[in-house]
Protein chains: 2
Amino acid sequence: MENLEHKHLAVLDEAARRGKSDTANMRLCFEVLALAAAIDRSCAARLAPYRLSEGKFVLLSLLRDLPDGLAPHELAERAGVTRATVTGLLDGLERDGFLLRHGDKDDRRKISVRLTSMGQAMAEDLFVEHSQWIGSLFAGFEPREREVFSGFLLRAWRNVEMPLDAGQTTVAGTSP
Amino acid sequence: MENLEHKHLAVLDEAARRGKSDTANMRLCFEVLALAAAIDRSCAARLAPYRLSEGKFVLLSLLRDLPDGLAPHELAERAGVTRATVTGLLDGLERDGFLLRHGDKDDRRKISVRLTSMGQAMAEDLFVEHSQWIGSLFAGFEPREREVFSGFLLRAWRNVEMPLDAGQTTVAGTSP
DNA sequence: GACATATAGTATGGCGCCTAATTATGAGTC
DNA sequence: GACTCATAATTAGGCGCCATACTATATGTC
């Protein structure tokens, strides 16, 4: 399978040149990274025409159907990014007319972020289209295949999450 | 499996709230993205102590053992990034003493980028350590498992690469 | 009521990546 | 030799993300 990123090919070449024989593991790793990168690129390309990024799309999804809006720190928490990042994303979304910041009368530190009607409509449309697209990427897999796939991912995940100084020789077993 | 990114959980929740029933596909997609993100994060954390990023590491790998160095545009090509990006990475690497830019006597547009001895030593050490780490992430997989895994990735890849306006109903089959 | 402490949001500056524009140089043509 | 065209590297400006530091406001305690 040749679906690798250029930079990873370079690393693989170097590894081969150095006589490293078991590059199959590395290759598999790079295949995962390449697939994810391709998905991210495709996602970005789909959202770009609306002046949206993936991060902005997540914020729109979070704010959809919430007339009272959410506070920036709640958005940060639910989106899994820092508050500073949310500030930046909100700046762009507000500039482009997707939402507004409303001050809180009781607590003047607080702000509630609410979609404009335009933002609401955009969130509505995009969410349906986008989630269909995401689902389509992994259509054609039988439930059993999905389980196996997911299990593979989990095994790799465990290796990644391993504490840095723990026994490096531990290996992805099949046990629960 | 709960190894998902916060932002993707938000999107999944929204999808469920909207009565979307087949979220298994989306979930699988997000699992792939989460694994890749975890790998990237871990990679960045491992390189950070040396003031290196993944992009810089690739450049070091490319320059290793090349006493005559490479031109920036060759680096860009082999690393799969733009020349402008290479300029930025080289600025950092040069500032930190990993390499030097040498002007070409014959063609004064050209530049050859060469590692310093410090850069060479760093590239040497890091490359071995880093490629071992990458390999370890997917250790514990039987060759047959790797094939299946790789096949899954390929099927998803085909769905991603599908032209935007082509039949959206096409699905990841098992056929070659 | 004054004070420390916590919280909310933002500004600042960094990195990696991009596109588009710019500067310098080389090469081919008339 | 002047012109155009191509090439090499860079700059300028943008986005998304981060960590850190700051400002304004609230709250609890003495």
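Reminder, nothing fancy here: chain letters follow the sequence lines and each chain counts from 1.
- Close approach of DNA chain C to chain B, defined as any atom under 4.0 Å from a non-hydrogen atom of the protein, starts and stops at C:dC15 to C:dG26.
- Under the rule for a side chain to side chain contact (heavy atoms under 4.5 Å, CB included), the partners of B:Ala10 that lie at least two apart in sequence or sit in another chain are A:Leu62.
- Here the range on DNA chain D touched by chain A, meaning any atom under 4.0 Å from one of its heavy atoms, is D:dC15 to D:dA26.
- A search for side chain to side chain contact (heavy atoms under 4.5 Å, CB included) contacts involving A:Arg41 returns A:Glu5, A:Ala37, A:Ala38, not counting sequence neighbours.
- Within the 4.0 angstrom heavy-atom criterion, no nucleotide atom of any strand lies near A:Asp104.
- A:Arg51 comes within 4.0 angstrom of no nucleic acid atom, judged by non-hydrogen atoms across all strands.
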Pair up each side-chain donor or acceptor in residues 81-91 of chain A with any protein partner under 3.5 Å, not counting sequence neighbours, and list the distances.
| unit_1 | atom_1 | unit_2 | atom_2 | d |
| --- | --- | --- | --- | --- |
| A:Thr82 | OG1 | A:Thr85 | N | 3.2 |
| A:Thr82 | OG1 | A:Thr85 | OG1 | 3.0 |
| A:Thr87 | OG1 | A:Arg83 | O | 3.2 |
| A:Asp91 | OD1 | A:Arg101 | NH1 | 3.1 |
| A:Asp91 | OD1 | A:Arg101 | NH2 | 3.0 |

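- Of the residues in residues 78-94 of chain A, A:Arg83, A:Ala84, A:Thr87 come within less than 4.0 Å of DNA chain C through at least one heavy atom, sorted by number.
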Kindly list each side-chain donor-acceptor pair under 3.5 angstrom involving residues 65-77 of chain B, sequence neighbours excluded, with atom names and distances?
| unit_1 | atom_1 | unit_2 | atom_2 | d |
| --- | --- | --- | --- | --- |
| B:Asp65 | OD1 | B:Gln120 | NE2 | 3.1 |
| B:Glu74 | OE1 | B:Ala71 | N | 2.9 |

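- Among pairs with a residue in residues 34-62 of chain A, those fulfilling ring-ring contact (aromatic ring centres under 6.0 Å, His included) read A:Phe57-A:His130, at least two apart in sequence or across chains.
- Scanning for salt bridge (charged side-chain N to carboxylate O under 4.0 Å, His left out) contacts around A:Asp40 gives an empty result, with sequence neighbours left out.
- Within 4.0 Å of B:Arg41, counting heavy atoms only, lies no atom of the nucleic acid at all.
- Under the side chain to side chain contact (heavy atoms under 4.5 Å, CB included) criterion, A:His102 pairs with A:Leu100, A:Ser112, A:Arg114, not counting sequence neighbours.
- With sequence neighbours left out, the salt bridge (charged side-chain N to carboxylate O under 4.0 Å, His left out) criterion links B:Arg78 to no other residue.
- Under the side chain to side chain contact (heavy atoms under 4.5 Å, CB included) criterion, A:Arg51 pairs with A:Arg95, A:Asp96, sequence neighbours left out.
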